[in-house]
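Scope of the values below: all heavy atoms of this structure, side chains included, with no hydrogens, waters or symmetry mates.
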Amino acid sequence: MSFASMSCALGIVTVFCVPLSAEAKASKPAVNAKPVTDGTSDPAIPYAVTLTPTKQADLDAAISASSQLKSLQTSHTVGAYALAGRIRSDYERVNSALESQGYYAGSVKISVKAGSQTVDGKDPSLPDILKALGKSQKVAITISATTGPRFSLGDVALTTPPQEAPAASVAAPAPTAPTVAAMSQPAAKAPVNKAPAKGTPDQKAATPAPTATTVAATSEQAIAQAEPVNLLPEERKAFGLKSGQPAVAADVLAAQNSLLNQLQEEGYATASVSTPLAYLKPQSHTLDVVFRVNRGPKVVIGPVGMTGLKQTNQRYLMNRLELKEGELYRPSRIEAARQDLASTGVFASVQVRNAPPIITLPPGKTLMPGILQAMPIEFSFKEAKRRTLSAEIGYSTDLGGRVGVSWTHHNLLGNAEQLRLTALITGLGGSAQQGLGYDVYADFMKPDFLSKGQNLSVRLEGIRQLLYSYHQTAIIGRAGLNRHVGKYWNVSGGVMGEQEQIQQFGDTRSYFIIAAPLNATFDNTRLSNPIDPATHGVRASLSVTPSESLESGSSFFTLLSAQVSTYFDLKHLGISRPGRSVIAVRGIVGSVQGASTYQIPPDQRLYAGGPATVRGFRYQGVGPQYGKSKYGIGGTSMDAGSVEFRQRLPMNLGFAGFVDAGQVGTGSRPGQGTLRVGYGGGVRYFTPIGPIRVDVALPMNRPAYGDKWELYFGLGETF
């Protein structure tokens, strides 16, 4: 008996492993699968399995997972003799589930009701009884488990590996010598050595002490084979096993892995912690376990190698690498470095491995005084496609449709530089549009510009849009630096120049604007995909943009804006599973300082309406209007808020309901103007790249010439 999931018995000399049967390989039931027979002339016998609850959820789940009768009853029906064999094998499997939870004195009963007869699953006449069934008769199988006392851990010992004796002195084991448990997978079964029963001679006295290469028959012999290992406080905390706790397989195996991870984090790169040896003592209802621990030498990081690079410059990666030769060997640091290199976006995969043998560093190269032994590290790369072509499509009833394509080069000069060329046609219908427009731009991004984590971005853009609020044709150039600060912050700053011609209310003017936008963003939602719906955390942004308009009357003004959104998972109230029911809240404020509404170019004013601010109102449909028309003037202050409930459903579906409110004023202080409120809901279909969103929104207090409803279609949530 042991904690393994495969039937593997480790003897003193020879290892016997029984491979999984064809039935076991097919143990995962297929959905709506057509039943498969065993290939014999026996007709397949349908059956139903009932598992008698033990009133312990973990144990019931383990029994259900281990039973082939349960897992194969719909997907792999068999004939009489094969079914009888499956029933017999389930005794062993269910017993393994009992042992995995510490019940080594339990028992399993399987009763089979075939027609009018009810027999035990071990009854030798069972195959004949099953074969005599009529075609329309179904077999009812009941599996019951009696747990008995739960065993606890007895002696928990850690020793060094036994020293091998000279080959000539190794004693050949007697054929009747007891076997030892080799724990591997949870819910598994392998023989566990049992202590002698009361009234029998002491086994330790009757059997000569084993040599170092002989598998010990008792935990006392196993401990005597080697030296004890004393753990440091942090190692003991990571190990976690104590005498007296339940002998649960998963806990024992987790202790093995946790201790190994802790030793490696301390710099023992070649450390090993053996699969535990287990010794059952039925009289005391305990299980002794012995771990063989070998720390090996403490090492630092040695020379770092890189393979598989074709188009990427190794010097760029070495400059970016977070590891330093000579620092303490720690797997967590090595994994963080691997993930950082993978985040450059130019690799399909990044792997890292130790590259022994261990070498000796000169004293001047180590960063850890006294540690000169070093483990070389090797990164291997598989480069991704350098060029990709993508399409973009979106639609809303206010802005109409937009379609376009983008071509991206992901490694332009060999240092992960990215060039993206995009062309969009906009204004395909829409209540806020008066005709077709376009948006074409080229983006260039150079990572690690001047220092690691600092990116240079440059954009050249041509845009034309025929909105009801204004018609704009412009050429815009931007350049800026973006830098990560801490774990959740990004800061950016840059310069922008814009030459534009704007027509509003029959008046056409040209503007040349220079600006210096400064931005800071905070995001602790920790999503790898930015369009995945957030279920927790906060997103916030703050921007300050000093600007100067140099044509059609010079004016200096500063745009201020702030936005924050937060997400609350209803699992914290105990009424939902994690990530299934979420309340999302958003708030936005904006202000223009230093100039009045008509001193600012129309495209620099503040507007509201649409999915970015207030749904249910067309784009730029909230705020001062020109006379009794649908033409928006814009303003110098704006505030808006949203509350949204998001619910995940089965089959990758979901829905949302929301209420938005906002206003635009002509003063510089937010909170002025006419408050507009919209409400609505929509459906979601969740795909691997993000949710497809369809929302319908209605205005609660529609202004003159306002739309009666709005439809929004896009990828990802609105915030």
Side-chain angles (χ1 to χ4, degrees), residues 392-407 420-444 457-480 494-517 545-557 559 561 590 592 595 597-610 612-613 618-621 623-626 629-636 664:
E392 179 179 335
I393 183 171
Y395 177 79
S396 63
T397 51
D398 53 356
L399 287 176
R402 56 190 288 124
V403 294
V405 295
S406 293
W407 175 89
R420 181 182 179 91
L421 305 177
T422 301
L424 297 168
I425 298 175
T426 62
L428 298 171
S431 58
Q433 300 276 7
Q434 289 187 309
L436 289 178
Y438 58 79
D439 189 2
V440 295
Y441 54 87
D443 282 329
F444 174 78
S457 60
V458 179
R459 169 177 282 200
L460 182 62
E461 181 176 17
I463 187 171
R464 176 174 173 80
Q465 50 185 345
L466 305 180
L467 302 169
Y468 268 100
S469 298
Y470 56 81
H471 295 179
Q472 177 193 33
T473 303
I475 296 177
I476 306 169
R478 300 184 180 93
V495 294
M496 182 192 76
E498 179 177 359
Q499 178 66 59
E500 64 180 359
Q501 184 181 76
I502 290 186
Q503 177 186 348
Q504 187 179 47
F505 315 141
D507 182 24
T508 301
R509 298 189 182 189
S510 295
Y511 300 92
F512 178 67
I513 303 169
I514 57 174
T545 308
S547 305
E548 178 79 22
S549 177
L550 299 177
E551 290 187 43
S552 299
S554 177
S555 63
F556 178 82
F557 54 94
L559 298 174
S561 67
V592 178
T597 300
Y598 287 102
Q599 293 175 316
I600 305 169
D603 64 313
Q604 302 295 305
R605 299 170 192 168
L606 300 177
Y607 301 84
T613 51
R618 69 174 178 272
Y619 181 69
Q620 298 181 339
Q625 306 292 303
Y626 182 72
S629 71
K630 61 188 297 183
Y631 299 96
I633 298 174
T636 51
V664 175

Checklist entry - Which heavy atom of L436 sits nearest a heavy atom of G427, and at what distance? => result CD2-O, 3.6 Å
Next on the checklist: Test your reading of the model: is there a side-chain donor-acceptor pair from D398 to the backbone of Y619, 3.5 Å cut-off?
Outcome noted: yes
Checklist entry - Does I475 CD1 have over 12 foreign heavy atoms under 6.0 Å away? => result no
Checklist outcome for this item: When rounded to the nearest 0.5 Å, the distance separating CD1 of I502 from OG1 of T473 is 9.0 Å
Item to check | With Q620 via side chain to side chain donor-acceptor pair (under 3.5 Å) - residues at least two apart | outcome: S469
Next on the checklist: Which residues pass the side chain to side chain donor-acceptor pair (under 3.5 Å) test with R605, not counting sequence neighbours?
Outcome noted: Q504
Checklist entry - Roughly how far apart are H471 NE2 and L466 CG, rounded to 0.5 Å? => result 5.0 Å
Checklist entry - Residues in salt bridge (charged side-chain N to carboxylate O under 4.0 Å, His left out) with E392, at least two apart? => result R402
Item to check | Side-chain (S554) to main-chain (L550) donor-acceptor, under 3.5 angstrom | outcome: no
Next on the checklist: For the residue pair Q465 / T426, report whether a side-chain donor-acceptor contact shorter than 3.5 Å exists.
Outcome noted: no
Checklist outcome for this item: Closest non-hydrogen atoms of G506 and Q503, given as atom of the first, atom of the second and distance, are CA-NE2, 4.2 Å
Item to check | Under the ring-ring contact (aromatic ring centres under 6.0 Å, His included) test, residues paired with F505 that sit two or more places apart | outcome: Y626
Checklist entry - Taking the side chain from R618 and the backbone from T397, do they hold a donor-acceptor pair closer than 3.5 Å? => result no
Next on the checklist: Could you work out, with side chain to side chain contact (heavy atoms under 4.5 Å, CB included) as the rule, every residue matching V403, not counting sequence neighbours?
Outcome noted: I393, I425, L428
Checklist outcome for this item: With sequence neighbours left out, the residues meeting ring-ring contact (aromatic ring centres under 6.0 Å, His included) with Y470 are none
Next on the checklist: Show, in sequence, the C-alpha distance, side-chain angles and deciding distance for I600 and V592, and conclude whether the side-chain contact (heavy atoms from CB on, under 4.5 Å) test is met.
Outcome noted: CA-CA 9 Å; I600 305 169; V592 178; 3.2 Å; yes
Item to check | salt bridge (charged side-chain N to carboxylate O under 4.0 Å, His left out) contacts touching residues 460-472 (sequence neighbours left out) | outcome: R459-E461, E461-R478
Checklist entry - Closest approach of G634 and T597, non-hydrogen atoms and distance? => result O-CG2, 3.9 Å
Checklist entry - Can you name the one residue among Q501, Q499, R509 that meets side chain to side chain contact (heavy atoms under 4.5 Å, CB included) with E551? => result Q499
Checklist outcome for this item: Rounding to 0.5 Å, atoms CG (L421) and CZ (F444) come to a distance of 12.0 Å
Next on the checklist: Suppose we screen for side chain to side chain contact (heavy atoms under 4.5 Å, CB included). Which residues come up paired with T422, at least two apart in sequence or across chains?
Outcome noted: S406, R420, L424, Y441
Next on the checklist: If I compare all heavy atoms of S549 with all of Y511, which pair ends up nearest, and what's the gap?
Outcome noted: OG-CD2, 3.6 Å
Next on the checklist: To the nearest 0.5 Å, what is the distance between OG on S457 and CG on D443?
Outcome noted: 8.0 Å
Checklist entry - With A474, which residues qualify under side chain to side chain contact (heavy atoms under 4.5 Å, CB included), at least two apart? => result I463, Q472, I476, E498, E500
Checklist entry - Just wondering, do I513 and Q604 contact through their side chains at under 4.5 Å, heavy atoms? => result yes
Checklist outcome for this item: Residue set satisfying side chain to side chain donor-acceptor pair (under 3.5 Å) with S510, at least two apart, ordered chain then number -> none
Next on the checklist: Restricting to side chain to side chain donor-acceptor pair (under 3.5 Å), what partner residues turn up for Q625, sequence neighbours left out?
Outcome noted: none
Next on the checklist: side-chain contact (heavy atoms from CB on, under 4.5 Å) for V664 and I633? Distances and angles first, verdict last.
Outcome noted: CA-CA 10 Å; V664 175; I633 298 174; over 6 Å; no
Checklist entry - Under the ring-ring contact (aromatic ring centres under 6.0 Å, His included) test, which residues partner Y631, sequence neighbours left out? => result Y468
Item to check | F556 side chain near P546 side chain, heavy-atom distance below 4.5 Å | outcome: yes
